[in-house]
Student: 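Would you mind keeping the following structure in view while I ask a few things?
Lettering follows sequence order; numbering is per chain, from 1. Just so you know, these numbers use all the heavy atoms, side chains as well, and skip hydrogens, waters and symmetry mates.
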Number of protein chains: 4
Amino acid sequence: MSKEPMAARRSAASRAAILEAAFHLVGEVGYGKLSIEAIAARAGVGKQTIYRWWPSKGAVLFEAVFVRSFGDTENPAPLPDTGDLEADLRTVLRATALELADPEVDRPLRALTVAMLEDEALAREYRTRVEEPTREAKRARLRSAQRAGQLPASLDLDAAVDAIFAPMAQRWLHRAGPLTEEYADALLEITLGGLRRSGPN
Amino acid sequence: MSKEPMAARRSAASRAAILEAAFHLVGEVGYGKLSIEAIAARAGVGKQTIYRWWPSKGAVLFEAVFVRSFGDTENPAPLPDTGDLEADLRTVLRATALELADPEVDRPLRALTVAMLEDEALAREYRTRVEEPTREAKRARLRSAQRAGQLPASLDLDAAVDAIFAPMAQRWLHRAGPLTEEYADALLEITLGGLRRSGPN
Amino acid sequence: MSKEPMAARRSAASRAAILEAAFHLVGEVGYGKLSIEAIAARAGVGKQTIYRWWPSKGAVLFEAVFVRSFGDTENPAPLPDTGDLEADLRTVLRATALELADPEVDRPLRALTVAMLEDEALAREYRTRVEEPTREAKRARLRSAQRAGQLPASLDLDAAVDAIFAPMAQRWLHRAGPLTEEYADALLEITLGGLRRSGPN
Amino acid sequence: MSKEPMAARRSAASRAAILEAAFHLVGEVGYGKLSIEAIAARAGVGKQTIYRWWPSKGAVLFEAVFVRSFGDTENPAPLPDTGDLEADLRTVLRATALELADPEVDRPLRALTVAMLEDEALAREYRTRVEEPTREAKRARLRSAQRAGQLPASLDLDAAVDAIFAPMAQRWLHRAGPLTEEYADALLEITLGGLRRSGPN
DNA sequence: TGTTAAGCGAGACGGTACGTCCTGTCTTAAC
DNA sequence: GTTAAGACAGGACGTACCGTCTCGCTTAACA
């Protein structure tokens, strides 16, 4: 299989400069005030070069964030699997809490969320290329736990993934409270043990 | 003690026309393409009348959605309390699922979410006037269940509210799946019973 | 004959403040940037008070300049008549040159000229109440000279007044050169003696 | 030596459309109600295209009138020189009278006068590019008459030009009377012969 | 190994919307 | 019944960007 012949002349330097500029600009001014004109100026690039390769500022931002997060590969890392489901999920949830609390991550990710809310095509691409692979990694860990008899075989895996991970995402999105390891632990205890027997009883 | 004398001259007709116009326009074109110019034109109002009373298009939208949802009162309805916690939460979650699936609600709410992501002041107002009262109503129902011995006294109520309601909100926001009563039920079973014993075991 | 009964309640203080404000504002910002709003604010007066009594900002300016120049009387002073036509005209022309060179006069008068160019009704009022009386005073002096045999009886008096006074006005208007006594004298020599024998021949 | 490379990309079609639109609009609504917005709309052009190349609506108007009057050349036509000064001046003055009486000329010229009164920079440009070249043409004719012994060598040429031409300009500006050939002739007789011996004696 | 077409930076173009200022009309409360 | 105050519908201001469109220049691929 050969390299795609399309886009033969595309300037790698310009592409990198554009993504770099978009990423930093969005961190400075937010999605609403991000403009293609400013990206082009910051990147030292003609506007047409952006319009030639991306359909919208949201698409530029998506790629900028995506490249930062995944580099050149499309596949997310699998979740840790030590055999201890609770410990592994705790590790992941705590790491997520820390990452989302980092302004370097928070601002572009928030901007990307806006972009996706404004542009359904972008949202679709996100679901395909980010959300679904990530979710599959989470499902895989839960499946492993099912095989180990730690979770019921009949479990609705998607609902389970939502139950474990959505509360943190929602708190982050609406800044509804601090993203701490304590919060991560409290959530995990509820989700794994159930509200009815939650708490250190 | 008298009513505040300020803003005495404000035109109630113009205010209503503006909120009405904003609500419908945002449903037609989305938040990004909503313009104050268009709101003013649709409402038959001078732009200055909008700028005089609201600091941004997001603030107009917030008030438009708020008035639609709460009318003149500030207080959300309390959750049902029949004594059966699971049944009551099921009622609420199912109703939420149906409501979020309604385009008349979906579109303005999605737009409002964008507005809040773009404008922290607006997000703060939302948390104070919408999120926190609503959350308190939810907490109150859980406290009632604690008093009835259905939930542990040591439960972290905010984490519990998140665990119950966030997954649905997240699925709605990212259109990650259908908002059905089945999904509501599956979530509730996990959250109340815990993943480890979830499913019809 | 009594004071006119119309405008019974009109506030003399407000009228004076408005004219004062208009006069000074126009000197600061020029006619184009003069606004009724600014006049009202400077005069400490409601906008409606201006709109009630004057039809346009030009009319306010006209009255402001007019009151400054003529006070309460409508009649301009007659030209000096010592019997020596040339000396009398020299006196008047030199005085005109000095007055037009004074910024306190120059700026409002220039503004008034703009107002009249923009508003034919105002121009008509100016011609009736300022230009024509002034011109009649000039004609009167020339008539006196005719009676004294210093000017031909057949002279077209209006053309003569134009010939004597227009060049100075034009130079002032277009800032085409300095308004000096020398210029006044040079003009007078040409106009009285004729170009063909002008100069100290 | 090459033509200046700057402004390379300027659209000649847009420039022409703008000047055309400005010229006609000012004739319809006058200078005060002339708006850049309306010029742009009439010309089928973006506002920015006007702001890019002209600093003010006055500058647009100046160029519009200038192009109409002079086309691409900067130089005014010389005055006729048949050897008979009086006849030549009569020709010019009569032509001026007729031209100023033409509404097609009157309205834009009056507007341009307002523009210059409001904007000293514009007035300066007018003096440099229009008034001074025109005046030089007039001076040249008078110099020719001096060489022919028809005028004193000591004559102040600028004052003489003013004396000949200003009265007509002033009457036009203030609509102080009809601009007829008779008026032109009367002025010329006074200016050349002198008031003291004016009239058909 | 020179030709040629693509991608490139630059930026003008016709537009839309911004947020501000002012217009002329109106309504209210105070005197 | 006039006044100061100021809200109102409307419209123009001058600016910022939109997405499209040339313009010359650079550069890699093919001839």
Side-chain angles (χ1 to χ4, degrees), chain A residues 5-15 17 33-41 43-57, chain B residues 5-15 17 33-41 43-53 55-57, chain C residues 7-11 13-15 17 33-41 43-57, chain D residues 5-15 17 32-41 43-53 55-57:
Chain A
M6 248 311 293
R9 311 294 186 80
R10 182 168 188 178
S11 159
S14 290
R15 174 172 175 271
K33 298 195 169 166
L34 179 67
S35 73
I36 290 198
E37 207 137 291
I39 296 173
V45 135
K47 281 201 292 177
Q48 199 56 245
T49 301
I50 299 182
Y51 284 107
R52 188 158 23 235
W53 300 109
W54 291 274
S56 65
K57 71 172 176 175
Chain B
M6 241 326 287
R9 219 62 52 203
R10 182 169 186 179
S11 159
S14 289
R15 175 172 174 271
K33 298 196 170 165
L34 179 66
S35 74
I36 290 197
E37 204 129 296
I39 296 173
V45 136
K47 280 200 291 177
Q48 199 61 53
T49 300
I50 299 182
Y51 283 108
R52 186 152 33 228
W53 301 110
S56 64
K57 71 172 177 174
Chain C
R9 308 293 189 81
R10 180 169 189 178
S11 159
S14 288
R15 175 172 176 270
K33 298 196 168 165
L34 180 67
S35 74
I36 290 197
E37 214 143 285
I39 295 172
V45 134
K47 281 199 295 176
Q48 199 55 245
T49 302
I50 299 181
Y51 283 108
R52 189 157 21 236
W53 301 109
W54 290 274
S56 65
K57 70 172 177 176
Chain D
M6 243 324 287
R9 219 63 51 200
R10 182 169 188 179
S11 158
S14 290
R15 175 172 175 270
K33 299 196 168 165
L34 179 66
S35 72
I36 290 198
E37 205 131 293
I39 296 173
V45 136
K47 281 200 289 177
Q48 200 60 51
T49 300
I50 300 181
Y51 284 108
R52 188 153 29 231
W53 300 110
S56 65
K57 71 172 177 175

Student: Has Trp54(C) got a side-chain N or O lying under 4.0 Å from the OP1 or OP2 atom of dG24(E)?
Tutor: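 The answer is no; no side-chain N or O of Trp54(C) sits under 4.0 Å from OP1 or OP2.
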
Student: If only side-chain N and O atoms of Trp53(A) are considered, is one of them under 4.0 Å from the OP1 or OP2 phosphate oxygen of dC8(E)?
Tutor: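 Answer is yes, contact under 4.0 Å.
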
Student: Can you measure Leu34(A) atom CG to dA16(F) atom C1' for me and round it to whole angstrom units?
Tutor: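 From Leu34(A) CG to dA16(F) C1': 14 Å.
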
Student: What's the OH-P distance between Tyr51(B) and dC8(F), to the nearest Å?
Tutor: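 Tyr51(B) atom OH is separated from dC8(F) atom P by 16 Å.
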
Student: Could you state the atom-to-atom distance from CZ of Arg10(B) to P of dT28(E) in whole Å?
Tutor: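 Rounded to the whole Å, the gap is 17 Å.
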
Student: With DNA chain E as reference, determine whether Ser35(B) or Ala43(D) sits nearer its 5' end, using the nearest nucleotide of each.
Tutor: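 That would be Ala43(D).
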
Student: Name the residue closer to the 5' end of DNA chain F, choosing between Ser14(C) and Ser11(B) according to the nucleotide with the nearest heavy atom.
Tutor: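 That would be Ser14(C).
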
Student: Send over the distance from Arg15(C) CZ to dT3(F) P, rounded to a whole Å.
Tutor: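 Rounded to whole Å, this separation is 12 Å.
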
Student: Expressed in angstrom and rounded to an integer, what is the separation of Ile39(C) atom CD1 from dC21(E) atom P?
Tutor: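 In whole Å, dC21(E) P and Ile39(C) CD1 are 18 Å from each other.
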
Student: Do you know which two heavy atoms are closest between Ile36(A) and Lys57(A), and how far apart they sit?
Tutor: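 The answer is CG1-CB, 3.8 Å.
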
Student: Work out which heavy atom in Gly46(D) is nearest to a heavy atom in Ala40(D); give both atom names and the distance.
Tutor: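 Closest heavy-atom pair between Gly46(D) and Ala40(D): C-CB, 4.2 Å.
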
Student: Could you list the residues that satisfy side-chain contact (heavy atoms from CB on, under 4.5 Å) with Ala43(B), not counting sequence neighbours?
Tutor: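 side-chain contact (heavy atoms from CB on, under 4.5 Å) list for Ala43(B), sorted by chain: Ala17(B), Ile18(B), Ala21(B), Val45(B).
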
Student: Looking at dA9(F), I'd like to know if its phosphate oxygens (OP1 or OP2) sit under 4.0 Å from a side-chain N or O belonging to Thr49(B).
Tutor: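 For dA9(F), OP1/OP2 do have a side-chain N/O of Thr49(B) under 4.0 Å.
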
Student: Quick check on dC8(F): is either OP1 or OP2 less than 4.0 Å from any side-chain nitrogen or oxygen of Arg52(B)?
Tutor: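 Checking dC8(F) against Arg52(B), a side-chain N or O does come within under 4.0 Å of OP1 or OP2.
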
Student: For Thr49(C), which residues count as a side chain to side chain donor-acceptor pair (under 3.5 Å) partner, sequence neighbours excluded?
Tutor: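 Partners of Thr49(C) by the side chain to side chain donor-acceptor pair (under 3.5 Å) criterion come out as none, since no residue qualifies.
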
Student: Restricting to nitrogen or oxygen on both sides, can you table the protein-nucleotides 22-25 of chain F pairs closer than 3.5 Å?
Tutor:
from    : atom 1 : to      : atom 2 : distance (Å)
dC23(F) : O4'    : Arg9(D) : NH1    : 3.4
dC23(F) : O3'    : Arg9(D) : NH1    : 3.0

Student: Can you tell me whether the side chain of Lys47(D) and the base of dG14(F) have a donor-acceptor pair closer than 3.5 Å?
Tutor: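 Indeed there is one.
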
Student: Let me know the distance between CD1 of Ile36(A) and P of dT20(F), rounded to the nearest Å.
Tutor: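 So the two atoms are 10 Å apart, to the nearest Å.
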
Student: As an exercise, state the distance from CH2 of Trp53(D) to CZ of Arg10(D), rounded to the nearest 0.5 Å.
Tutor: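 These two atoms lie 5.5 Å from each other.
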
Student: On DNA chain F, compare the nucleotides closest to Pro55(D) and Lys33(A); which residue's is nearer the 5' end?
Tutor: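 First, find each residue's nearest nucleotide; the 5'-ward one identifies Pro55(D).
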
Student: On DNA chain E, nearest-nucleotide positions of Lys57(B) versus Val45(D): which is more 5'?
Tutor: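 Per heavy-atom nearest nucleotide, the more 5' residue is Val45(D).
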
Student: Specify the separation, in whole Å, of atom CD of Glu37(A) and atom P of dC13(E).
Tutor: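 That distance rounds to 14 Å.
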
